2 protein chains.
Amino acid sequence: MLSNLIDHIKKFITIDEADAEMILTHFQHQLFTKKSLLLEEGQICNKQYFILKGCVRFYINNNKGVEQTLQFGIENWWITDYLSFQYQTPSHFNIQAIEKIEVLSIDRKSFDELLDRIPKLEKYFRLVIQKSFGASQVRIRYLFTMSAEERFHHMNSMFPEFIQRVPQYMIASYLDFSPEFMSKIRAGKV
Amino acid sequence: MLSNLIDHIKKFITIDEADAEMILTHFQHQLFTKKSLLLEEGQICNKQYFILKGCVRFYINNNKGVEQTLQFGIENWWITDYLSFQYQTPSHFNIQAIEKIEVLSIDRKSFDELLDRIPKLEKYFRLVIQKSFGASQVRIRYLFTMSAEERFHHMNSMFPEFIQRVPQYMIASYLDFSPEFMSKIRAGKV
DNA sequence: TTCATTTCTTGAAGTACTTCAAGTTTTTTA
DNA sequence: TAAAAAACTTGAAGTACTTCAAGAAATGAA
């Protein structure tokens, strides 16, 4: 399972056995129960997480006391608040395990050390963030060009298994409409 | 003016005079008139742009024939469609000069060469993208937690000069409401 | 298995915006 | 400097959603 990270890295750059071993020594293998908070608003985000197993959400508390999901993370995804991690400033976001999860985590100090020791990982992390950023732009595009109903049907056709996997109200907030409205869309009452 | 890029790089990593010269040889200095398209939907985005002077917008045509701004770029910002640039796939986005602009551009081939020659630039580009991604997350947060009016007042207090600099209807679309509504907010009629 | 908790559904009432259409002002171009 | 083009304003009418409240169904814990 730990080697998932190594496999992921190998999709982007070439590393040898020694690199792989060195890399893993910088990470901590952690388990969290369902609903654990990996990051809480106000804290400095001191870890970057690579998800080995399970599913997390990245969310905010909007000013009406409602939790709004900005991102989901599943197997083989990185998740962190990059700004807070990089600049060691308090985060505005929360990261929570939606299921029991298994992750590899790396703190800021180990991360810097790792990059010093194996500089070619800079390329790997650049490419990973580039993909995340691209995904974020696509997401904004969908929010701007599709109606609520279209966003739901689109997501449903792209990720049918995922829709089953997490509570509907989280999907609704990710797609930026209310859970009640989601219910109506699904029932074809809209 | 060309050295703006070098200064920007030096904010993130250490480079010497020889590096600086080598870097600049990989870039092309380009001027564009107001309204020029640097990237058009459907094209493969083959350039990354560093803005020396002027202002651009990154936008889509939504399905109602309206242009919706996702991002602005000003002096010392990088702008590109990272996904299209990286994977050489057709872009869904447009990049347009809002003012007469001056940029440094680098194509995919030169970019890869440059990174091979000066690998420490990987860190620079990683940090730049990290910041852009962070900014994009903050933007989504504002869209989700503030009303249209709040978003306007917030932007107005954060970037008063910028609001003067570009047409109101572009700000309105960036903040995700109609130009008419913006007019009403400004007039205090809402 | 049972109870408690979480999640989902439904309808009625409300609202933060959009759309349209027409006029006015500002900026650009020749 | 005049004419054309682009940008902004205003009010009236419409709508895609939200909010509320209450019950039903599913899931989890003991």
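Below, read A as the first sequence line, B as the second, and so on, with proteins coming before strands; counting in each chain starts at 1. All values derive from a computational prediction rather than experimental measurement.
A donor atom on one side chain and an acceptor atom on the other are found under 3.5 Å apart for B:Glu102 and B:His29.
In this structure, the nucleotide among C:dC8, C:dT18, D:dC17 sitting nearest to the side chain of A:Pro167 is C:dC8. For A:Ala187, counting side-chain heavy atoms from C-beta on, the closest listed nucleotide (C:dT10, D:dA6, C:dT7) is C:dT10. Comparing D:dT9, D:dA7, D:dC17 by their nearest atom to the side chain of B:Arg186 picks out D:dT9.
One can place CD of A:Gln164 at 14 Å from C1' of D:dA26, the figure rounded to the nearest angstrom. Following rounding to the nearest Å, A:Asp176 (CG) and C:dC17 (P) show an atom-to-atom distance of 12 Å. Spacing between atom CZ of A:Arg151 and atom P of D:dA16 amounts to 13 Å, rounded to whole angstrom units. What separates CD of A:Glu149 from C1' of D:dT18 is a distance of 16 Å, to the nearest Å. When the C1' atom of D:dC17 is taken as reference, atom CE of A:Met182 falls 15 Å away, rounded to whole Å. Summarising the geometry, the separation between CZ on B:Phe177 and P on D:dC17 is reported as 18 Å, rounded to the nearest angstrom. Nucleotide D:dT9 holds its C1' atom 14 Å from the CD1 atom of B:Ile185, rounded to whole Å. At whole-Å resolution of the value, CG in B:Leu175 and C1' in C:dC17 are 14 Å apart.
Here B:Leu37 sits in one hydrophobic cluster together with B:Tyr59; the rule is ILVMFWY side chains under 4.5 Å apart, joined directly or through other members.
Residues that satisfy the salt bridge (Lys or Arg N to Asp or Glu O under 4.0 Å) test with B:Arg108, not counting sequence neighbours, are B:Asp112.
Remark: B:Lys131 NZ is loosely packed, at most 12 non-hydrogen atoms of other residues, nucleotides or ligands lying under 6.0 Å away.
Ranked by how close their nearest DNA chain D nucleotide is to the 5' end, B:Lys35 and B:Pro179 are led by B:Lys35.
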Could you walk me through whether A:Asn62 and A:Gln68 pass side chain to side chain donor-acceptor pair (under 3.5 Å), step by step?
-> CA-CA 7 Å; A:Asn62 78 10; A:Gln68 203 125 13; 3.2 Å; yes

Could you pull out the protein-nucleic contacts involving nucleotides 19-30 of chain C (nitrogen or oxygen on both sides, under 3.5 Å)?
residue : atom : partner : partner atom : Å
C:dT28  : OP1  : B:Lys34 : NZ           : 3.0

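A ring-centre distance under 6.0 Å is not found for B:Phe111 and B:His26. Ring centers of A:Tyr174 and A:Phe72: under 6.0 Å apart, within the cut-off.
Taking 4.0 angstrom as the limit, A:Gln168 places a side-chain polar atom (N or O) nearer than this to OP1 or OP2 of C:dT9.
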